[in-house]
Amino acid sequence: MEAPIGIIDSGVGGLTVAKEVLLRLPNERVIYIGDAARCPYGPRTAEEVLQFTMEMASALVKMGVKMIVIACNTATAVALDEIRRAFPLPIIGVIEPGARAAVQASVSGEVAVLGTIGTINSKAYDNAIHKLASEAVVHPLACPEFVPIVESGMYHSTEAGVIVSERLNDLKDEVFDTAILGCTHYPLLQHHIHASLPNGVKIISSAVETVHDIHRILIDRTIRSEKVDNALPIFYTTGEIEGFKEIVSDWLAIENPEVRHIQL
């Protein structure tokens, strides 16, 4: 089935998922929508997050996608079930894949979860992890500063490293061997996060595990693209195009990516 895979996020964070899709599923076309104008979603109400996520999903359905990936942990926590009820095509979130990867990676059963305020307050990761490993101990930490750093394009900066270090210092008295990047923006800060966590802590990004789920569903539903499609991905943003384009180009190594504005 030659229809594209649709990916939605509160901003640029879902590019971490898009990157893995483009790398691991080269036959598939991708359409991406990032709601940069209303990012971050973490501090917003559940009603707002559901409305915004529904608007993006509706736009993708009108574009003819065959699957939607909610590549935003906050949106997954709040809106996944409602979006699945609203549309007949496969809808995938990022929380269950991330939880599964962390449970498999952890030896001690002690897992830190770094996320937005919305994701942490939802306890979506706690529930997903305990469903897989009832004896696991979860150490949640809301990191509200992280998404604005990434959206501003400052994720390489020394200042970003200082902010990450200060926030993760809140975990200094906790013992864990695995940390989930519970927001798809956070892999862009992974080098800073790695430097600020104890040696030996495994860092889990849900992006790779999510793509495994995408691949499995493509096969199970017989909607996998059978031929190489040389069409470049298309990126939509509700916000300013140039800054979004710079991050797409930097993170995905695409020269002059096609970035369009969308009004939801």
Colleague: Using a 6.0 Å cut-off, check whether atom NZ of K123 has over 12 heavy atoms from anything other than its own residue.
Modeller: no
Colleague: Between atom CD of E166 and atom OG of S196, what is the distance when rounded to the nearest 0.5 Å?
Modeller: 10.0 Å
Colleague: May I ask you to decide if G161's main-chain N or O and S165's side chain share a donor-acceptor pair within less than 3.5 Å?
Modeller: no
Colleague: I'd like a table of donor-acceptor pairs (distance under 3.5 Å, sequence neighbours excluded) in which one partner is a side-chain atom from residues 131-142, with atom names and distances.
Modeller:
{"residue": "H139", "atom": "ND1", "partner": "E174", "partner atom": "OE1", "Å": "3.1"}
{"residue": "H139", "atom": "NE2", "partner": "E110", "partner atom": "OE1", "Å": "2.6"}
{"residue": "H139", "atom": "NE2", "partner": "V175", "partner atom": "O", "Å": "3.3"}

Colleague: Answer with yes or no whether the hydrophobic clustering places V12 together with W251; edges join I, L, V, M, F, W, Y residues whose side-chain heavy atoms lie under 4.5 Å apart.
Modeller: yes
Colleague: Working to the nearest 0.5 angstrom, can you tell me the gap between L171 CG and C143 SG?
Modeller: 7.5 Å
Colleague: Is there a side-chain contact between E20 and V17 (heavy atoms, below 4.5 Å)?
Modeller: no
Colleague: Applying the 4.5 Å side-chain criterion to the ILVMFWY set and letting contacts propagate, would L189 and V94 be lumped into a single cluster?
Modeller: yes
Colleague: Calculate, to the nearest 0.5 Å, the distance between atoms OG1 and CD1 belonging to T178 and I203 respectively.
Modeller: 10.0 Å
Colleague: Determine whether more than 12 heavy atoms belonging to other residues, nucleotides or ligands lie under 6.0 Å from atom CZ of R216.
Modeller: yes
Colleague: Check the side chains of D250 and Y155 for a donor-acceptor pair under 3.5 angstrom, ignoring hydrogens and angles.
Modeller: yes
Colleague: Where the side chain of S249 meets the backbone of E246, is there a donor-acceptor pair that is under 3.5 Å apart?
Modeller: no
Colleague: With the 4.5 Å side-chain cut-off for hydrophobic clustering, are I223 and L22 part of the same group?
Modeller: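 I223 and L22: one cluster.
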Colleague: Any heavy-atom pair between the side chains of V21 and V69 that's under 4.5 Å?
Modeller: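 They are not in contact (no side-chain heavy atoms under 4.5 Å apart), so the answer is no.
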Colleague: Side-chain polar contacts of residues 256-264 - donor-acceptor pairs under 3.5 angstrom, sequence neighbours left out - could you list them?
Modeller:
{"residue": "N256", "atom": "OD1", "partner": "K245", "partner atom": "NZ", "Å": "2.8"}
{"residue": "E258", "atom": "OE2", "partner": "R260", "partner atom": "NE", "Å": "2.7"}
{"residue": "E258", "atom": "OE2", "partner": "R260", "partner atom": "NH2", "Å": "2.3"}
{"residue": "R260", "atom": "NH1", "partner": "Y236", "partner atom": "OH", "Å": "2.9"}
{"residue": "H261", "atom": "NE2", "partner": "T238", "partner atom": "O", "Å": "3.1"}

Colleague: Determine whether the side chains of D177 and S108 contain a donor N or O and an acceptor N or O closer than 3.5 Å.
Modeller: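 On atom types as modelled, these side chains qualify, holding a pair under 3.5 Å.
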Colleague: With the 4.5 Å side-chain cut-off for hydrophobic clustering, are I92 and V65 part of the same group?
Modeller: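 No; V65 is not reachable from I92 via cluster members.
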Colleague: Does the plane of the ring in Y41 sit parallel, tilted or perpendicular to the ring in F52? Use 30° and 60° as the thresholds.
Modeller: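 Geometry flag for F52 against Y41: tilted rings.
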Colleague: Keeping the roles fixed (side chain from Y32, backbone from G14), state whether a donor-acceptor pair exists under 3.5 Å.
Modeller: yes
Colleague: Answer with yes or no whether the side chains of E55 and Q51 bring together a donor and an acceptor at under 3.5 Å.
Modeller: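 Side-chain D/A pair, Q51 to E55: present.
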Colleague: Any chance you could measure M56, atom CE, to I83, atom CD1, to the nearest 0.5 Å?
Modeller: 8.5 Å
Colleague: So does E2 get a backbone contact from the side chain of R29, meaning a donor-acceptor N/O pair under 3.5 Å?
Modeller: yes
Colleague: Looking at S106 and V103, would you say the former's side chain and the latter's main chain have a donor-acceptor pair under 3.5 Å?
Modeller: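 Checked: no pair found.
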Colleague: Take atom NZ of K62 as the centre, draw a 6.0 Å sphere, and report whether it contains more than 12 heavy atoms from other residues, nucleotides or ligands.
Modeller: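 No, because the 6.0 Å sphere around NZ of K62 holds 12 heavy atoms or fewer from other groups.
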Colleague: Does CD in E209 sit with more than 12 non-hydrogen atoms of other residues, nucleotides or ligands closer than 6.0 Å?
Modeller: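 Buried by this count: over 12 neighbours within 6.0 Å.
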Colleague: Is it possible for you to say whether L232 and I234 belong to one hydrophobic cluster, with membership spreading through side-chain heavy-atom contacts below 4.5 Å?
Modeller: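 No, separate clusters.
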